[in-house]
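Shown next, in structure tokens, is the structure this report addresses.
These values consider heavy atoms only, across backbone and side chains, with no hydrogens, waters or symmetry-generated copies. Nothing fancy with the numbering, it's 1 onward along the sequence.
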Amino acid sequence: MAQTLPLFLLITCLLLIPSSQIQQEQEAFTTIVISQQGLDFLKNLLITQAISSIIPLKLPHITKTAKFPFLGNVRMLLSNITIYQLQVLNSYVKPGDTGLAIIASGTTCNLSMDWSYEYNTWMFPVEISDKGHASVQVEGMEVGLTLGLKNQEGTLKLSLMDCGCYVKDLSIKLDGGASWLYQGMIDAFEEQIGSAVENAITKNLGEGILKLDMFLQSLPKEIPVDDDASINVTFVDNPSLSSSSIGFDINGLFTARKKVPIPMYYYKNTLPSVLCTEPAKMLGISLDEAVFNSASALYYDAKFMQWIVDKIPDQSLLNTAGWRFIVPQLYKKYPNDDMNMNLTLSSPPILKISEHNLDATVYADLIIDVLEADQVIPVACISLVIRGSGSVGIAGNNLVGSVKLNDFSMSLKWSNIGNLRMYLIQPLMWTLIQTVFVPNANTHLAKGFPLPIIHGFTVQNAEIIFSRSKITVCGDVAFGES
């Protein structure tokens, strides 16, 4: 048995965790709302999966002893009772204050079974027996269950609050033996057969809900993005149920896969609301701009936002000869030497989401290096403030994007070759940003990051809505078993 952590050690561990980190992990920056259409889709999927998983369903043997005039005690047995077909004609799902109700009505099922009997009578000194096959048609069956959903340590806990099955009517048809003589005798089993069907369906529903709960409990709390980043999909608070939807709040921020200490950045939590323009959409996922800024901060701290450029479309610009009219002193000091550009972001890019745009501001330092013999000689550093706008789209279950350059400003940070005339360098910087850095960024953005969707489901017919400080993805879902 694992030893209990001493109280003083637990307190020490808590004191060592930054309070901002604890607060972040308890806040929600992504909201998922499943509409009534989405609930209907999931309900139909669950019914289909449940039927396929339990059919054929074996029922226990049924025995009965009855006393008949002239015959005495007759011992009867129904065996190999199997539900081989189950059809749900009508069903609905309804969220409420206490849980999620699923009702299936007008349900029919077909059973097959073997019957036999035996008896002794004073009229004949030998045992008399007969056997045959029977089919049972169950009609008007109603099945209902109420499910509870709550947050349990960051995962979803599913519980069966109520479950029941009611058989309204059934008919039994016998084949084989002198079955026409014994139809009335077998009809005596009607109540027991109905009860066996009700108990079997209720028991299997309970077992199925338990398996579904285990599946939900096993869902990962992080979705890998790449070797360095994951998305924290820990549930925050209990699901919110309305009369026509269920909402889930998850943390949604990017987190480092390699658990190294990184500075904590302030994220303003505006608790996203999901507003889909088409109410018929099954699913809505709202992402606060804090999600995107957490990705920006993570990759910045992981030292990924640094590029050394030694190849560009106009390669002549990476030689001092290409700068002889722009920065004459550079060419004079290092004639015909190759160069490279070392771009390093000075802080994480800042993303702002408005009703119509996704704007990004990047602060960077561009160091101009001269390559002389085996030496890399930094000669000047230019500070850049790059402003761009982005667009987002859906590729599979990934949110992908691209960015374009709007404008930029620049200033000389330091120089080892004297003063630089920045107005002459500005067109060159524009070319470098437009033809090198923007395409490089778009290559990474085109890969995107995964939306918090359970494996097996795919987003379809998605639309993207911009609102103040958030992006909402509204769409339908399809299910395909892998």
Side-chain angles (χ1 to χ4, degrees), residues 1-2 32 34 38-61 81-88 90-105 107 109 111 138 141-167 194-223 233-241 245-250 283 452-457 477 479-482:
M1 181 178 293
I32 303 171
I34 304 175
L39 291 174
D40 290 336
F41 171 81
L42 291 175
K43 175 259 299 177
N44 293 334
L45 176 62
L46 286 174
I47 290 175
T48 302
Q49 295 291 313
I51 292 174
S52 65
S53 65
I54 68 173
I55 298 300
L57 177 59
K58 297 281 188 179
L59 276 62
H61 294 177
I81 308 171
T82 304
I83 300 177
Y84 64 89
Q85 188 176 47
L86 185 64
Q87 291 182 321
V88 177
N90 301 298
S91 62
Y92 69 88
V93 55
K94 191 70 176 176
D97 294 335
T98 58
L100 191 68
I102 302 177
I103 305 295
S105 59
T107 303
C109 70
L111 295 83
V138 178
M141 185 168 66
E142 292 190 1
V143 181
L145 65 159
T146 302
L147 304 176
L149 276 171
K150 68 177 183 178
N151 178 13
Q152 181 173 287
E153 299 181 352
T155 62
L156 276 182
K157 174 65 178 177
L158 182 68
S159 59
L160 183 60
M161 301 173 65
D162 191 19
C163 181
C165 176
Y166 171 68
V167 172
S195 179
V197 170
E198 292 171 347
N199 292 337
I201 295 293
T202 302
K203 178 185 177 183
N204 276 268
L205 281 176
E207 294 173 351
I209 296 303
L210 182 61
K211 291 179 182 179
L212 184 56
D213 173 59
M214 294 174 62
F215 167 75
L216 292 175
Q217 293 285 308
S218 68
L219 290 176
K221 293 185 178 181
E222 292 184 351
I223 299 177
V233 290
T234 302
F235 286 89
V236 179
D237 297 328
N238 290 320
S240 56
L241 288 82
S245 65
I246 297 181
F248 306 92
D249 294 328
I250 64 174
L283 182 72
I453 301 290
I454 294 177
H455 178 71
F457 292 89
V477 293
F479 178 76
E481 294 186 70
S482 59

Min side-chain heavy-atom separation [X]-[Y] under 4.5 Å:
X    : Y   : answer
V93  : L42 : no
L241 : D97 : no
I246 : L39 : yes
T82  : L57 : no
S91  : K43 : yes

Point to revise | Side-chain donor-acceptor contact under 3.5 Å, T155 with K221 | key: no
Which heavy atom of [X] sits nearest a heavy atom of [Y], and at what distance?
X    : Y    : value
T234 : G154 : CG2-CA, 3.4 Å
G99  : M161 : CA-SD, 4.4 Å
I223 : V233 : CD1-CG1, 3.5 Å
V88  : A104 : CG1-CB, 3.8 Å
P60  : I81  : O-CD1, 3.4 Å

Check your understanding: Passes side-chain contact (heavy atoms from CB on, under 4.5 Å), V143 versus I103? Steps please.
Key -> CA-CA 6 Å; V143 181; I103 305 295; over 6 Å; no
Exercise for review: Could you check whether the rings of F457 and F41 sit parallel, tilted or perpendicular, using 30° and 60° as the cut-offs?
Suggested key: perpendicular
Approximate separation, where rounding is to 0.5 Å, of [X] [atom1] and [Y] [atom2]:
X    : Y    : atom1 : atom2 : answer
F235 : E153 : CZ    : CD    : 14.5 Å
Q87  : I51  : CD    : CD1   : 8.0 Å
T146 : L160 : OG1   : CG    : 8.0 Å
I47  : T107 : CD1   : OG1   : 8.0 Å
L145 : L100 : CG    : CG    : 8.5 Å
L46  : F479 : CG    : CZ    : 9.5 Å

Review point. Could you walk me through whether M141 and Y166 pass the side-chain contact (heavy atoms from CB on, under 4.5 Å) check?
Key: CA-CA 6 Å; M141 185 168 66; Y166 171 68; over 6 Å; no
Check your understanding: Does a sphere of radius 6.0 Å around OH in Y92 hold more than 12 heavy atoms from other residues, nucleotides or ligands, not counting ones at 6.0 Å or beyond?
Key -> no
Point to revise | Residues L158, L149; criterion side-chain contact (heavy atoms from CB on, under 4.5 Å); working and verdict | key: CA-CA 5 Å; L158 182 68; L149 276 171; 3.7 Å; yes
Under 3.5 Å: donor-acceptor pair, side chain of [X], backbone of [Y]:
X    : Y    : value
Q217 : L156 : yes
S52  : Q49  : yes
D213 : K157 : no
Q85  : L111 : no

Practice item. List the steps, then state whether side-chain contact (heavy atoms from CB on, under 4.5 Å) holds for I34 with F248. Key: CA-CA 9 Å; I34 304 175; F248 306 92; 3.8 Å; yes
